[in-house]
4 protein chains.
Amino acid sequence: MRVGLLTGGGDVPGLNAAIRAVVKRGVGQHGHHIIGFRNGWKGVVDGDIVPLTRSHIRNVLPIGGTLLGTARFHPHSAEDGMDAVLATVENEHVDALICIGGDGTLHAASKIAEAGVPIVAIPKTIDNDVWGTDASIGFDTAVTIATDAVDRIHTTAESHNRVMLVEVMGRHAGWIAAASGIAGGAEIVLAPEQPFDIDKIVRFLKHRHRAHASFSIIVVAEGAMPAEGTSMQYEMQLGQFGQIVAGGISERLKQEIEQRTGFDTRVTVLGHIQRGGTPTPTDRILASRFGVAAIDAVTRGETGVMTALRAGEVELVPLADIAGKVKHVPQALLDVAAALA
Amino acid sequence: MRVGLLTGGGDVPGLNAAIRAVVKRGVGQHGHHIIGFRNGWKGVVDGDIVPLTRSHIRNVLPIGGTLLGTARFHPHSAEDGMDAVLATVENEHVDALICIGGDGTLHAASKIAEAGVPIVAIPKTIDNDVWGTDASIGFDTAVTIATDAVDRIHTTAESHNRVMLVEVMGRHAGWIAAASGIAGGAEIVLAPEQPFDIDKIVRFLKHRHRAHASFSIIVVAEGAMPAEGTSMQYEMQLGQFGQIVAGGISERLKQEIEQRTGFDTRVTVLGHIQRGGTPTPTDRILASRFGVAAIDAVTRGETGVMTALRAGEVELVPLADIAGKVKHVPQALLDVAAALA
Amino acid sequence: MRVGLLTGGGDVPGLNAAIRAVVKRGVGQHGHHIIGFRNGWKGVVDGDIVPLTRSHIRNVLPIGGTLLGTARFHPHSAEDGMDAVLATVENEHVDALICIGGDGTLHAASKIAEAGVPIVAIPKTIDNDVWGTDASIGFDTAVTIATDAVDRIHTTAESHNRVMLVEVMGRHAGWIAAASGIAGGAEIVLAPEQPFDIDKIVRFLKHRHRAHASFSIIVVAEGAMPAEGTSMQYEMQLGQFGQIVAGGISERLKQEIEQRTGFDTRVTVLGHIQRGGTPTPTDRILASRFGVAAIDAVTRGETGVMTALRAGEVELVPLADIAGKVKHVPQALLDVAAALA
Amino acid sequence: MRVGLLTGGGDVPGLNAAIRAVVKRGVGQHGHHIIGFRNGWKGVVDGDIVPLTRSHIRNVLPIGGTLLGTARFHPHSAEDGMDAVLATVENEHVDALICIGGDGTLHAASKIAEAGVPIVAIPKTIDNDVWGTDASIGFDTAVTIATDAVDRIHTTAESHNRVMLVEVMGRHAGWIAAASGIAGGAEIVLAPEQPFDIDKIVRFLKHRHRAHASFSIIVVAEGAMPAEGTSMQYEMQLGQFGQIVAGGISERLKQEIEQRTGFDTRVTVLGHIQRGGTPTPTDRILASRFGVAAIDAVTRGETGVMTALRAGEVELVPLADIAGKVKHVPQALLDVAAALA
């Protein structure tokens, strides 16, 4: 078999571990040829390929990023994109595709599956919002990095009697915020799932700083928003590709808090460091299991599916089931964050 | 309500996070009095108590160990132990107990529940072998430490063309070995669940060093054993409290491998570093969720249960259901380890 | 003896290690009373004190921040500030002061020494620009954090073919930029010591991306500036207390580079995470040695001095010698950064 | 010029950073050919070479170990070893050698220099005992790993009321023990420089556990020894290559302490993890500076020297000056360790 492999969307730690698993299992045990496409779907459209052998994957397990390169490019949004994908699949005699990616890539995968190409997807996103799986590659590492940052900022907050705002990724779902907020012991966690009321935040801070402690940490997901009808106006600023402009919401919050409380308030926007570097063991194991499961599924001819973690087991879910859905942080987890504030 | 709280058995990272959650939620939101017992069940037997308030739990979230102290002591194994526990419960007017521990503590908890004391248990063990829950406090941190060690040893193995044996904890179950073996890219993982054949190991090493690479890493659970009828004799050495003597199996393996292959072979026994230090975010979150769930259960009068993680949700399982059972590494995970060797 | 102790200026990792050393040595071996002042010079001015005993310093060695609190407040800049300091010294019967701080605190110390108060200073600054000492508390940890960030950003840069700008602290000196740039393998390091020419940077990037690699990492000290007469206009933005507004120079550079090269360019401003969290062993050892040396000097009556590291030995240098001087990055180190680009 | 490059002796983190610097500077700026020898002096003797280009050193900066391989083999100790080295130098038209190594390699280098081969040495050793330089590659990383271990063991010691012995490397000098002992807050540091009296240790432990705390941490260098005439008998066990058998001294100490105090005492032997994995920024910078200095010296024809760090500057010292000398831990540093016990 000739199996095409690509990584699409933003890079996350653990992609190389998944690539390694597909190649080790595919070449070493199934005897397949694995064809890598460079820079995500762009490489498929352009026919930019690199045959992957065991030598390509030596020592990549602990390395972040993706040896194949990636790009935020989606064939179904580009002119003649889908046709180009199908042409490459035919010209390169690709029997099946494995694509590792987030929302955009999974959407592309379901379109390509509909067009008749055997495809298996592997979910990755530091935001953890891919529906149908308990975990996606990259999330655990992102939470670890964000928690490390909250820990560091904790000592400054306490030493200087400040309110510290830490802005983490999470446009549609507040998984990183909730997890690093609980793990780092933040006083307040703001997630897109639960629009906030600035008046309540200010009351909480005033009470806390009067009664208990002279500092506070607030972890803010980039997609957090004030509740409608509350006293804070905020227009989300969107950049290229629709991502939220970093620092948007937290800079606004800083102004409101300083103005209303008089507390010295500082912002740290974690940004790109959340998605790079050595993956945690959890992400390496998840990626390894997903990689093995994906190439095994392709080999069995079970396609049009995504690998998923469910209650500790790796399963396959139909791509059609997950399209357009977002996995939100459950109320129970937000309640734990609130209970331990 | 007056709620007694204790930590029993070996210490693990995340115990303080669970204590903090019980106290924050119990005192701050339910208005309970939390009575800490020092050094596990020993403190219950001796009536050695410390009332826990918010000031005791300041800044303990990222700190390993347990501020209450712990001991490997079980009341049901000590003379008059159970009577002493019941006496303390009565004398201190304790309405319910929360105990955080592993096998031994859970066993004690079920005995005490049978004796009519309302009790909720929280599972902790770096070995991850508590039945009935997907995860126990301490395991994720132990895997992270073990993987870090395997990563470090990897560069030495490769630079010196050696076989490196890394012995990790896991007497009855090979969870740490399987997880750190997959995450660290070990060539061989030896777990108690799968008795090994030294002849096969030697053949594999000889083939690999001839054909592919001049080094190998073997992760060995302390409880790994040769299969019956195979050509290696090994008597497990047990120390005080029945724990396996560190270095037992790996030193024996080193001798066999060196003798049969001539490869320079070295042993590293990770030992105590696997159970100390700052807990990972995953362990802090798990401990926080378990702590909140335990005190909430006690408050509702739902006792005789253990908090458990199941498919991402925290649930309560009857103590009677878990007694005497061991959660083994599933074959699927051992297969992934083997597939990526 | 009654010895006053305070930490001033921005917090850095290692302050608690120094406090611990002063108290352990001072109380335990010299039999002194150690009086802590809260929140830096503000606590001296206000007479806000806390007697420090062995119980205050338990377990603080690996904890970032300062248990005494700190503030960016200088008595010589405040009205009647110096008089208030002298009054507190007299009222509290303080025989000598030990102050741990950076530029501002050292300046205050020299003023107070001139006014006749026996004082010993301990240098701390993540910027490493205190003159007269090879190292100051906090720098090694800051470099470690910044290098970790550059490592993480490296994998994203490479996976996405981007130019990544990482802005680190360093207003007057580029120590963190030079060190994390060399350690992280940055292509370009921009330090205040060496005003840059944007035309050269653009030429270098174009050449590199054409000939060698499709990504680049630039580490920028917040105080980096374009050389006079070069084609980039830039007004440094100063915030409260005269610190440079984060993201100022790097955001400007991003615009220039994107405009002139067309390369996708992103900015990460590390900000507060550089100054918090667990200190490295190097910072703990330095702080411990400085703390012991300071209390020993006070005990011997050798005051008006600062502890300094010189060629591996701890020495004492007169406060008068260091006033108003900045320790710049030597050309040799910037040359190494350039040589390995 | 054709410059030969090798790494000898035990591997340490930072070797790849030095190799990278030699190649980047040598090939990229001086236009030299760099010839790597595989597995240390063995590769020189056998003529086992690999030409090193920029592609070999991509992404190796943060990777531990050595891409050239290494071995504990010394040409001056092997039959015809020196002749074979000289033959290879002539046959491969090597104009000069750069060797990165510890005691043994430096000794070989001085012999080879005497034989008329232009050679520059770069010191590496986690033990930090190379004479003539303030620092050698690998030490800072080893101290960081050892301190991390002491931190982890601290929480177990405290939770279980134990005496914990941590054995670190250091056969002839106790640098790692002193540094990680101070940084980790150990109660006792045992170094080869200061033979210990077991009676004093036992008295100290008994007093401490009665008066202050119920746990203690002892960091022991593998080469620590009882003072002559004291009441503990100990024969150092030497393995192959004369290294001390791990666990020798600490296992003996454990027996003595348990017997004489009754305190539960445990041993952790760090072993190989001290010398592997990602180098710290300090080691990467030191290695980069040494690599640049070495190839620059070779280019200028300044040979028969070793690169050295002195008061923050890189200098060159004659190989003849350092032969047979050991850099011991100064009394002042051992005094700081004792002062903060």
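Labels below follow one simple rule: chain letters A, B, ... track the order of the sequence lines, proteins then strands, and each chain is numbered from 1.
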field: Per-residue contact mode, C/T147 against chain D (heavy atom under 4.5 angstrom)
entry: side chain
field: Structural part of D/A341 lying under 4.5 Å from a heavy atom of chain C
entry: backbone
message: With a 4.0 Å cut-off on N to O distance, would you call C/E313 and C/R289 a salt bridge?
response: no
- prompt: Based on non-hydrogen pairs under 4.5 Å, which of C/G312, C/S288, C/A337, C/G28 is most in contact with chain D?
  reply: C/S288
- prompt: Between C/V143 and chain D, which part of the residue has a heavy atom less than 4.5 Å away: side chain, backbone, both or neither?
  reply: both
task: In plain terms, say whether D/R152 and D/D148 are close enough for a salt bridge, that is, a side-chain N and a carboxylate O under 4.0 Å apart.
output: yes
- prompt: Given D/D151 and C/R284, is the salt bridge (charged side-chain N to carboxylate O under 4.0 Å, His left out) satisfied, shown in steps?
  reply: CA-CA 12 Å; D/D151 280 354; C/R284 298 189 207 175; 2.8 Å; yes
field: Proximity breakdown for C/T144 and chain D, heavy-atom pairs closer than 4.5 Å
entry: both
query: Residue by residue, which of residues 126-134 of chain D have a heavy atom closer than 4.5 Å to a heavy atom belonging to chain C?
result: D/D134
- prompt: Hey, are the side chains of C/V12 and C/T125 touching, using non-hydrogen atoms and a 4.5 Å cut-off?
  reply: no
message: Which atoms of C/L333 are under 4.5 Å from chain D, going by heavy atoms: the side chain, the backbone, both sets, or neither?
response: side chain
task: Using non-hydrogen atoms and a 4.5 Å limit, figure out which bit of C/A178 sits close to chain D: side chain, backbone, both or neither.
output: neither
Per-residue contact mode, C/N59 against chain D (heavy atom under 4.5 angstrom): side chain
query: Is there a side-chain contact between C/E158 and C/F215, using heavy atoms and a 4.5 Å cut-off?
result: yes
